[in-house]
Number of protein chains: 2
Amino acid sequence: MKPTLQTVADAVGVSRSTVSNAYSRPDQLSPALREKIHEAARRLGYPGPDPTARSLRRGRVGAIGVLFTSALSYAFTDPYAVQFLRGIAETAERHGSGLLLVPLSESEEEAGIQAVRNAAVDGFCVYCVPAWHGALDVTRSRGLPTVAAERPAEVGPETMYVGIDEVAAARTVGGHLARLGHRRVAVVSDFLVAQRRTGPVSVADPAEIRYDVTRERLRGFAEGLAEGGVGWSDLLLCNAGTNSRAEGARAAEYALDRVDRPTAVLAVTDLLALGVLDALAARGLRPGRDVSVTGFDDIPEATAAGLTTIRQPAVEKGAIAGRLLLEPPEDPAARQVLLPTDLVVRASTGPVERK
Amino acid sequence: MKPTLQTVADAVGVSRSTVSNAYSRPDQLSPALREKIHEAARRLGYPGPDPTARSLRRGRVGAIGVLFTSALSYAFTDPYAVQFLRGIAETAERHGSGLLLVPLSESEEEAGIQAVRNAAVDGFCVYCVPAWHGALDVTRSRGLPTVAAERPAEVGPETMYVGIDEVAAARTVGGHLARLGHRRVAVVSDFLVAQRRTGPVSVADPAEIRYDVTRERLRGFAEGLAEGGVGWSDLLLCNAGTNSRAEGARAAEYALDRVDRPTAVLAVTDLLALGVLDALAARGLRPGRDVSVTGFDDIPEATAAGLTTIRQPAVEKGAIAGRLLLEPPEDPAARQVLLPTDLVVRASTGPVERK
DNA sequence: TTGAAAGCGTTACCAT
DNA sequence: ATGGTAACGCTTTCAA
């Protein structure tokens, strides 16, 4: 029989409350008694209050749930995701909280939803989960504090998020390329269409794109490029099945192998952009000379690759998400955080070569 | 007031048990009633049984805890760790269990220990936590099934672990280099000394190394190299502050910039070895010709880098760890698993150039 | 400083 | 097929 609070209380000859206090509010009893209790606990092999029972009573668990799409396997392949997670882990660590990973596989949506239902956590962080995912209904109905890792399309006064101004950031990319003279432009992005296939797609209007971040970034690209007279319908859209380097390369092929090859390829993430650079290399094309390439996020690898990109503070973003959950600010306005971004120009972009 | 089982029961006019059954044992009641209950739950905004209360009652939480050293920040940057995590996640997922990451910060040990105390889990997986960490006392006293991700120094009949024969594997690396004629040899490793600093260190005897895995691997390196007459004291030891590519490069500098530059550098992980290769590249040295380099783990990146290394089945290791926790074998012997390893020889090692 | 009593929201068991 | 009752192990008033 496993020892409980009661066991210890009986052994010492005090009440449960006193033993409980010995653990949770040491200042509430005499040092002598406290020591006596701890000694008895050691002797009896009592490991301290049961976490589950304590959580039930206190109404606090000491863990936060992180929701992300895709298998865990892929979750960590994106350095940006890793950095974000690291930020949130650091905050959790300071609070003595754990991180409950909740993968939402696409193939088994119901399993993911169940996982969210059963998650014993004090709050949720929603990382890159499309707005239409059923799991979000559950997080809502559970009524726990929830923070999104990007600005949601619909923001109520209660909504917590930490994000960036996607449109504005993307606009600087578009503008940069427009000023360099680029007029034939391709975009490599995941989530352009509902299906997870890699290849060229046509989208009549950015508003049709369901996934928030993708939509906003593409909007921004278009707005910036408009400076050079490039319209939405001029863009060559290449969908990537997943946000991965390999699919970035595959998607880019459709643009690079055309006779009227684009002079610039805008990727919606750095990971995809690295793939685009791979595709360039495979064709002997020089980034920034033959074809300009841009990314988004500024992951560590971007520096070595000389990738022009948008820098956003990923670790800090995670840290803030954690803080929003663990130390919610009084002021509602402070619960909606927009982080600054910078356009980092490196060698992967350059002026269009005059013929 | 948040709705509970009772709320729903009252609304429908049935007992709590029935509502509970509607969720946990749907076959125990008529489809009609079940639907009626679910409908009422939806209407009242009842999110389903409270996970904490359910855990308390059932005596099972549905989550396993993974203990990480402060490296959590770094944990995700090591592809080997990611693969291991993936393996354990796959098993957990099959069992409908979650993965609770418990970060153990080095700076705030007490916070980590608290986190372990409070972790609502059914078992622990201890990943790369040094044997002297206080959190391990807690896992022990909690009496939950615990599996180590490597063979611990002290193994009782109860101890569960899944590891490899570190010494034997490392010995094959040492022997390989010895036979290639290498006599001036450096080792790049983390945890050689207690402090987290990067640079050359001296360690009188491998037994002094406190961190198990490091100690065993170095022992193996030395045993293998002894074939060529290289003794422990001949080794040039370079400590890396963290297990990361960057620190691997920094640590290697101390070896590569010497006048009597070593002809071989043995790294204790692939991540460090990639760093060593970076340092070589920065100096225009050719791996396998000017300097031989070896790693350990065989992460995916090792292939492209042409790194000679020890392959160990990382995903499988994680999967087995998960299985040990979630479906403990009857036979105690089966709870201690040693996985096979292979020496994978690639281009980063070669014979010493004759002068 | 210590103790008694009242739950926290479930589920398991045994009746009906 | 459904309901009543008793835990699960703890914390938290409140009173002594």
Side-chain angles (χ1 to χ4, degrees), chain A residues 1-38 40-41 44-62 114 117-122 141-144, chain B residues 1-38 40-41 44-62 114 117-122 141-144:
Chain A
M1 186 48 198
K2 266 193 59 183
T4 72
L5 247 186
Q6 188 68 256
T7 322
V8 179
D10 292 348
V12 181
V14 295
S15 79
R16 296 192 307 225
S17 336
T18 305
V19 180
S20 173
N21 281 334
Y23 283 94
S24 309
R25 334 166 85 177
D27 48 319
Q28 297 294 303
L29 70 187
S30 68
L33 180 55
R34 189 182 353 139
E35 184 40 48
K36 201 166 143 196
I37 290 176
H38 279 127
L44 297 167
Y46 175 66
D50 177 271
T52 313
R54 162 178 282 198
S55 299
L56 177 60
R57 186 57 240 237
R58 297 228 260 218
R60 182 179 174 280
V61 177
Q114 267 308 333
R117 263 201 201 97
N118 287 328
V121 295
D122 301 315
S141 74
R142 286 202 49 188
L144 295 171
Chain B
M1 186 49 196
K2 266 193 58 183
T4 72
L5 249 187
Q6 188 69 257
T7 321
V8 179
D10 293 348
V12 181
V14 294
S15 79
R16 290 186 307 215
S17 327
T18 305
V19 180
S20 174
N21 280 335
Y23 284 94
S24 310
R25 332 167 88 173
D27 48 318
Q28 297 294 302
L29 69 185
S30 67
L33 181 53
R34 194 188 343 147
E35 185 40 48
K36 202 166 142 197
I37 290 175
H38 280 126
L44 296 166
Y46 174 67
D50 178 272
T52 313
R54 159 177 285 195
S55 301
L56 177 60
R57 185 58 244 236
R58 297 228 258 217
R60 179 175 176 280
V61 176
Q114 268 307 333
R117 262 202 202 94
N118 286 325
V121 296
D122 301 315
S141 73
R142 285 201 47 189
L144 295 172

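Per chain, numbering begins at 1; letters A, B, ... match sequence-line order.
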*asked:* Just to verify, what does A/Ser20 make a side chain to side chain contact (heavy atoms under 4.5 Å, CB included) with, not counting sequence neighbours?
replied: A/Leu5, A/Ser24

*Taking side chain to side chain contact (heavy atoms under 4.5 Å, CB included) as the test, write out the residues that go with B/Ala40, two or more places apart.*
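Side chain to side chain contact (heavy atoms under 4.5 Å, CB included) check on B/Ala40 returns B/Val8, B/Val12, B/Arg43.
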
Side-chain touch [X]/[Y], heavy atoms, less than 4.5 angstrom:
{"X": "B/Val121", "Y": "B/Val61", "result": "no"}
{"X": "A/Asn118", "Y": "B/Arg54", "result": "yes"}
{"X": "B/Pro51", "Y": "A/Arg142", "result": "yes"}
{"X": "A/Thr18", "Y": "A/Leu29", "result": "yes"}
{"X": "B/Leu144", "Y": "B/Asp122", "result": "no"}

Distance, rounded to the nearest Å, where [X] contributes [atom1] and [N] contributes [atom2]:
{"X": "B/Gln28", "N": "D/dG3", "atom1": "CD", "atom2": "P", "result": "13 Å"}
{"X": "A/Asn21", "N": "D/dC10", "atom1": "CG", "atom2": "C1'", "result": "12 Å"}
{"X": "B/Asn118", "N": "D/dC10", "atom1": "CG", "atom2": "C1'", "result": "13 Å"}

_Nucleotide interval of DNA chain C bounded by contacts with chain B (heavy-atom cut-off, under 4.0 Å)_ =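 On DNA chain C, the outermost contacted nucleotides are C/dG9 to C/dA12.
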
*Not counting sequence neighbours, list each pair that qualifies as a salt bridge (charged side-chain N to carboxylate O under 4.0 Å, His left out) and has a residue in residues 18-35 of chain A.*
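Only A/Glu35-A/Arg42 qualify under salt bridge (charged side-chain N to carboxylate O under 4.0 Å, His left out).
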
Under 3.5 Å, which N/O atoms of the protein pair with N/O atoms of nucleotides 6-9 of chain D?
{"unit_1": "D/dA6", "atom_1": "N6", "unit_2": "B/Arg16", "atom_2": "NH2", "d": "3.4"}
{"unit_1": "D/dA7", "atom_1": "N3", "unit_2": "B/Arg57", "atom_2": "NH1", "d": "3.1"}

Heavy-atom closest contact ([X] atom, [Y] atom, distance):
{"X": "B/Ala41", "Y": "B/Tyr23", "answer": "CB-OH, 3.2 Å"}
{"X": "B/Leu56", "Y": "A/Thr52", "answer": "N-CG2, 3.3 Å"}
{"X": "A/Gly45", "Y": "A/Pro3", "answer": "O-CG, 3.5 Å"}

_Any B/Thr18 side-chain N or O less than 4.0 Å from OP1/OP2 of D/dA1_ = no

*When the C1' atoms of the five terminal pairs at each end define the local axes, what inter-axis angle does the helix from C/dT1-D/dA16 to C/dT16-D/dA1 show, to 10 degrees?*
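The angle separating the two end axes equals 30°.
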
*Could you check A/Arg25 against A/Pro3 and say which one's nearest nucleotide on DNA chain D is further toward the 5' end?*
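Nearest-nucleotide comparison on DNA chain D picks A/Pro3.
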
*A/Ser24 near the nucleic acid: base, sugar-phosphate alone, or nothing, with a heavy-atom cut-off under 4.0 Å?*
sugar-phosphate

*Indicate, with a heavy-atom threshold strictly under 4.0 Å, whether A/Ser17 touches base, sugar-phosphate, or nothing.*
base

